[in-house]
Amino acid sequence: MIRLNNRTAVITGAARGIGKATAGLFLEAGAKVSIWDVDAAAAEETVQTFREAGHDIRFQQLDTTDFQSVAKAAEELINDWGRIDILINNAGITRDASLKKMSAAQWQMVIDVNLTGVFNCTKAVAPFMTEKGFGRILNAASVVGLYGNFGQGNYVATKSGVIGLTKVWARELGRKGVTVNAVSPGFIQTEMIETVPEGVINNLKQQTPLGRLGSVEEIAHAYLFLASDQASFITGTNLSVDGGLVL
């Protein structure tokens, strides 16, 4: 198994879903983890579960759209841990609607969380990484950021933007020892998808060459590899983990 011994990791939006699975996998690999999430109840439950299993994990409640709170949380970790080795910008939301029906508020909310939040967290953490000469920044993109999706103009715009930022930051931070990569999940079995009608789910499966939805653990393993020493010469890439959906 890939090891992350003596590494420290920040994972945003890790109270549930892909972020939670990633936190669990990183802890098993030997990393210390801090969850940055706005949902205190869910995050505290997640942290308690992992602590009972003997893992070193903490929760810092914050809104990634608020740069000052993000910067404060990063400073707290530096004071306690001395370093932040890995940042996973996983937090994201959807507010789906077609162009005709989408409100300005729906547009802005998704932009704020999915794009500005990624900027804020990276802006706050990257200086500590470059000072140490090591870092792994991993951004949650999406396959819809590559080919679009009806009724998701706001979400698609943010995920396309995240892929672009990944490439820019890889160029800017590479000589400082920091790699920056993105992961684009396909259709994944998460809590969000549990409300989708069965007919729609079956259609999604039919569109995917592997004939099924992905699991949160499969995305977590992609993050684990890209955060590891084995991926030290990979930067600026976008890894599609989608069961062959985009071929």
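For reference, positions follow the sequence shown, starting with 1. Every value quoted in this text rests on a predicted model; they were computed, and no experiment measured them.
- Heavy atoms only, all atoms of each residue included: V33 and W81 are closest at C-CH2, 3.6 Å.
- Nearest heavy-atom pair across S160 and G145 is OG-O, 2.7 Å.
- For the pair L146/I163, a side-chain contact is recorded, criterion being any heavy-atom separation below 4.5 Å from C-beta on.
- Annotation: side chain of L213 is in contact with side chain of K205 (closest heavy-atom distance under 4.5 Å).
- Contact annotation: the side chain of V216 never approaches that of K20 to less than 4.5 Å [non-hydrogen atoms, C-beta and beyond].
- Residues V180 and L165 fail the side-chain proximity criterion, which asks for heavy atoms closer than 4.5 Å.
- Of the possible polar contacts, one joining the T158 side chain to the Y155 backbone as a donor-acceptor pair under 3.5 Å is found.
- Residues Y147 and L245 form a side-chain contact, since some pair of their non-hydrogen atoms from C-beta on lies under 4.5 Å apart.
- Closest of all the heavy-atom pairs between G92 and V113 is CA-CG1, 4.0 Å.
- Formation of a donor-acceptor pair under 3.5 Å by the T235 side chain with backbone atoms of A170 is not found in this model.
- In this structure a side-chain-to-backbone donor-acceptor pair under 3.5 Å is present from N90 to T12.
- Residue pairs that meet the salt bridge (Lys or Arg N to Asp or Glu O under 4.0 Å) test with at least one member in residues 38-64, sequence neighbours left out, are R16-D39, R58-D80.
- Annotation: side chain of I219 is not in contact with side chain of T22 (no heavy-atom distance under 4.5 Å).
- In terms of modelled atom types and a separation under 3.5 Å, the side chain of T8 and the main chain of R83 share a donor-acceptor contact.
- Linking ILVMFWY residues whenever their side-chain heavy atoms come closer than 4.5 Å, directly or via other members, leaves V110 and M102 in distinct clusters.
- Counting only heavy atoms from C-beta outward, the side chains of V47 and I57 approach each other to under 4.5 Å.
- Between the Q61 side chain and the V38 main chain, a donor and an acceptor come within less than 3.5 Å of each other.
- The side-chain hydrogen bond (donor to acceptor under 3.5 Å, both in side chains) pairs that include a residue from residues 219-229 are R7-D229, S228-Q230, where partners are two or more places apart or lie in different chains.
- Listed for the D37 side chain is a donor-acceptor partner under 3.5 Å among the backbone atoms of A15.
- At distances below 3.5 Å, not a single donor-acceptor pair connects side-chain atoms of N181 with backbone N or O atoms of L138.
- Side-chain atoms of S142 come within 3.5 Å of backbone atoms of V144 as a donor-acceptor pair (strictly under, hydrogens ignored).
- Separating the OG1 atom in T94 from the CG atom in N154 is a distance of 8.5 Å, to the nearest 0.5 Å.
- Pairs passing the side-chain hydrogen bond (donor to acceptor under 3.5 Å, both in side chains) check and including a residue from residues 164-180, sequence neighbours excluded, read N139-T166.
- Contact record, C121 with N89: CB-OD1, 3.2 Å, taken as the closest heavy-atom pair.
- When the shell of 6.0 Å around CG of N6 is examined, it contains 12 or fewer heavy atoms from other residues, nucleotides or ligands.
- Judged by distance alone, the side chain of N203 and the main-chain N or O of G199 form no donor-acceptor pair under 3.5 Å.
- Side-chain atoms of D112 and T65 form no donor-acceptor pair, as typed in the model, at a separation below 3.5 Å.
- A140 and V162 get closest at one heavy-atom pair: O-CG1, 3.9 Å.
- Taking hydrophobic clusters as Ile, Leu, Val, Met, Phe, Trp and Tyr residues chained together by side-chain heavy-atom distances below 4.5 Å, V183 shares a cluster with I86.
- At a threshold of 4.5 Å between non-hydrogen side-chain atoms, the residues I35 and T46 count as touching.
- Across every non-hydrogen atom of E217 and A21, the tightest pair is N-CB, 4.4 Å.
- Atom CG of D85 sits about 13.0 Å away from atom CZ of F128, to the nearest 0.5 Å.
- In this structure, F119 is a member of the same hydrophobic cluster as V70, with clusters built from ILVMFWY side-chain heavy atoms closer than 4.5 Å.
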